[in-house]
Colleague: 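Sharing a structure here in structure tokens format.
Numbers restart at 1 for each chain; the letters A, B, ... are given by sequence-line order, proteins then strands. Since we're looking at a predicted model, the values are computed, not measured.
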Amino acid sequence: MTHLLITAATLLDGSRADLRVRDGVIVESGSGLAADGARVIDSDGLQALPGLVDLHTHLREPGSEQSETVLTGTRAAAAGGFTVVHAMANTQPVQDTAGVVEQVASLGAQHGYATVRPVGAVTVGLAGERLSEIGAMAGSRAAVRVFSDDGKCVSDALLLRRALEYVKTFDGVVAQHAQEPRLTEGAQMNEGALSSELGLAGWPAVAEESIIARDVLLAQHVGARLHICHVSTAGSVDIVRWAKARGIDVTAEVTPHHLLLTEQLAATYDPRYKVNPPLRREEDVLALRAALADGTIDVVATDHAPHPVEAKECAWPEAAVGMVGLESALAVVQESMVETGLLDWAGVARVLSTTPARIGRVAGYDAPLAVGSPANITLVDAAARGDFDLARLHGKSVNSPFLGRSLPGRVMAVVHDGRPTVLEGALLPTEEVATA
Amino acid sequence: MRHLLSTRDLDRTTAVRILDIAEDMADVAQRAVPKLPTLRGKTVANLFFEDSTRTRLSFEAAAKRLSAEVITFSAKGSSVSKGESLKDTAQTIAAMGMDAVVLRHSASGAAATLAGSGWIDAAVVNAGDGTHEHPTQGLLDAYSIRKRLHGAASRGRDLDGVRVTIVGDIVHSRVARSNVWLLTTLGAEVSLVAPATLLPGAIDSWPVTASHDLDAAIAAKPDALMMLRVQAERMTSGFFPNEREYAREWGLSAERFARLDADTMVLHPGPMNRGLEISSAAADSARSVVLDQVTNGVSIRMAVLYLVLSGNDGTDA
Ligand SMILES: [Zn+2]
């Protein structure tokens with residue numbers, strides 16, 4: 001098996017060490033370790049992080065392979081420093097049976113760029129009418145633990161209650177896309193002064209906050225675990241903070257784009273900035289950053305949502321919603337959280353690896369970079385800075401809102417389960433990474 | 001002027017200049033041969049993704065009076081709800097060598113997207129985009145108000161101190177938006193009257209006053225009262241209980257019209273729902289400017305086409 005020696009990397013506590021990786025495990029940590037025949041990854045000046053774990057990725061396969069496939073999506077993930085992605089259920093067919101989730105997971109395993117953990121649909125066909133075969137998906141080889149109708153809100157209160165209770169049986173979690181559907185019919189952007197001026201139908205903060213408020217109370221009532229996807233408003237932060245103070249078992253995620261971008265970008269009518277939930281106000285961005293720093297928001301999740309060019313080359317109201325985010329996520333977190341002094345690198349590891357792995361019940365991420373842990377390691381040149389350009393995108397789609405923007409940091413090497421997927425800042429070839 | 005996308009980005013000097021050029025264009029209409037050779041050899045594409053016979057005919061008449069060629073693409077009925085159609089249609093037009101595109105589209109921002117897309121080089125004139133703006137309507141309303149107030153002495157004047165009240169579905173109205181920005185830029189005091197469901201939530205940030213009481217607005221004796229059309233779809237989606245209640249609270253009934261100050265002019269962008277937002281007594285009265293608005297619309301559109309196509313900023317017009 002593979003034998004790697006990562007030399008002189010900076011660890012999460014700021015110290016420097018060599019890490020030896022053998023047979024998929026970190027077997028030795030220290031200084032001046034002998035190469036001993038290992039492939040050496042010179043990491044002098046690089047920050048070591050545990051492999052990043054994304055709780056919210058749209059890989060589009062099966063069904064929308066023109067936008068992304070498991071292969072292209074996991075290549076994008078590896079390029080962004082991720083070793084695990086949770087593949088959202090809104091594929092075609094929907095990931096609502098054991099067969100589909102096993103197929104998606106096994107594609108990920110064959111390609112080798114990242115571990116693919118499929119998310120199971122809460123309801124059959126995401127239709128919001130009856131529960132999907134949650135037990136079968138949990139017990140399948142894909143071992144699904146996160147269930148979500150993402151893209152759609154489980155808005156029926158009784159159905160959500162049943163889902164929360166039923167998922168508890170399998171140590172799973174419901175990840176809610178919090179969007180009151182009637183309050184957001186035809187919604188195009190954040191509702192406020194700017195949407196009124198631009199004549200774009202508003203997506204009011206209350207449509208997110210009212211669902212989160214209801215759902216944390218339901219989670220409390222039935223004693224279940226609840227995860228809130230892509231929290232986007234200051235009001236939502238207040239509700240999650242209140243719920244946690246009450247001891248409710250709720251976790252929350254924020255996307256990189258909601259940490260950096262504001263609704264003002266909609267004034268360009270450039271559909272690259274159209275996303276769901278929409279970009280919000282500056283005060284929301286600042287509240288989200290503070291909440292991520294103090295732990296009210298637990299994790300950063302990309303909501304990587306690839307779309308073909310034609311879906312964005314049109315007038316704003318006709319454009320698809322969503323942005324690609326895997327390749328830019330770490331850079332955006334560094335820009336919005338590290339450069340601002342709100343998080344150190346240990347904090348980055350917490351919100352982008354340890355905690356999302358715990359929420360998704362992914363084994364091997366609880367002791368980051370420690371001897372004995374599976375070797376999932378990302379090495380970042382934190383001192384680098386440059387314009388984020390097309391060369392940084394490795395998925396099938398280019399709908400990134402960050403193109404042309406100067407961002408810090410550069411992923412230089414990634415080790416996934418003991419095998420490199422990225423070296424010297426470049427993805428390794430598909431044949432070299434494939435496990436089959 | 002490269003494009004006309006909104007009135008939001010017009011300054012007072014430019015706005016007055018457009019109105020003044022429209023005065024010159026109106027004079028042309030009085031001649032025996034109401035036609036100018038100004039835009040001979042230029043081609044204007046009327047690209048209407050949304051049906052609007054009035055606006056389309058007005059732009060066609062304007063282009064023809066300036067001797068431009070006009071080609072009308074009425075995309076209604078074909079598959080124009082898909083985004084690529086705007087791009088494809090625009091590129092088809094570009095390949096045919098059009099100099100200007102007059103765009104009507106149901107999507108807010110469509111004109112801005114087209115102008116900024118790089119798909120075409122042609123000048124873009126926004127003829128109404130979703131619920132965003134309808135700048136030539138705003139300009140013709142400003143022109144009509146100025147003309148009614150100042151007649152032959154209109155040239156060079158702004159609307160300083162003129163009090164305009166706009167009544168009806170503000171939140172969904174591109175006409176209201178274009179008027180709010182333009183009239184206030186020209187110095188007018190604008191007040192809006194509507195039920196709270198039809199006023200934008202963040203109205204505080206607009207340079208206007210807003211209220212819900214039409215009777216109080218009438219008692220305040222505005223110089224101009226603009227009644228907006230109630231769209232059929234608002235009646236069925238719960239913005240107000242029914243037509244009867246709307247007419248009773250916010251319609252310019254004959255009885256309300258009788259209370260209106262003798263000097264107050266009445267505007268309506270058309271087409272009118274008689275008996276709903278406006279009574280025939282008001283629409284057909286001497287104080288109504290409704291037909292002037294139609295006539296003036298052609299002059300305004302001549303001025304706009306002239307400005308975007310002549311490569312002339314209008315200072316010597
Ligand atoms: Zn979602």
Colleague: Please classify the contact of B:A112 with chain A as side chain, backbone, both or neither, using a heavy-atom distance under 4.5 Å.
Modeller: side chain
Colleague: Hey, is the main chain of B:P200 close enough, under 3.5 Å, to the side chain of A:S196 for a donor-acceptor pair?
Modeller: no
Colleague: For B:D121, I'd like to know if atom CG has over 12 heavy atoms of other residues, nucleotides or ligands within 6.0 Å.
Modeller: no
Colleague: Say whether, by atom type as modelled, one donor and one acceptor occur between the side chain of B:T113 and the main chain of A:A315 under 3.5 angstrom.
Modeller: no
Colleague: What is the distance from atom OH of A:Y269 to atom CG of B:L5, rounded to the nearest 0.5 Å?
Modeller: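 Answer for the OH-CG pair, A:Y269 versus B:L5, is 10.0 Å.
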Colleague: Checking B:R8 side chain against A:L198 main chain: does a donor-acceptor pair fall under 3.5 Å?
Modeller: no
Colleague: Within this structure, what is the CD-OG distance for the pair A:Q188 and B:S108, rounded to the nearest 0.5 Å?
Modeller: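 Output value for this atom pair is 8.0 Å.
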Colleague: A side-chain contact here means heavy atoms from C-beta on lying under 4.5 Å apart; do B:L86 and A:C314 qualify?
Modeller: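 No - every pair of side-chain heavy atoms lies 4.5 Å or more apart.
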Colleague: Where is the tightest heavy-atom contact between B:S205 and A:A193, given as atom of each residue plus distance?
Modeller: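 Reported closest heavy-atom pair: OG-CB, 3.2 Å.
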Colleague: With B:K87 as reference, evaluate A:E313, A:E318, A:E310 under the salt bridge (charged side-chain N to carboxylate O under 4.0 Å, His left out) test and give the passing residue.
Modeller: A:E313
Colleague: Can you name the closest pair of heavy atoms from B:A202 and A:G192 and give their distance?
Modeller: CB-C, 3.7 Å
Colleague: Rounded to the nearest 0.5 Å, how far apart are CH2 of B:W181 and CD of A:E197?
Modeller: 4.5 Å
Colleague: Counting only heavy atoms not in B:R2, do more than 12 sit closer than 6.0 Å to its CZ atom?
Modeller: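 Enclosed: over 12 neighbouring heavy atoms sit under 6.0 Å from CZ of B:R2.
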Colleague: How close do A:L200 and B:T131 get, heavy atom to heavy atom, and via which atoms?
Modeller: N-OG1, 4.4 Å
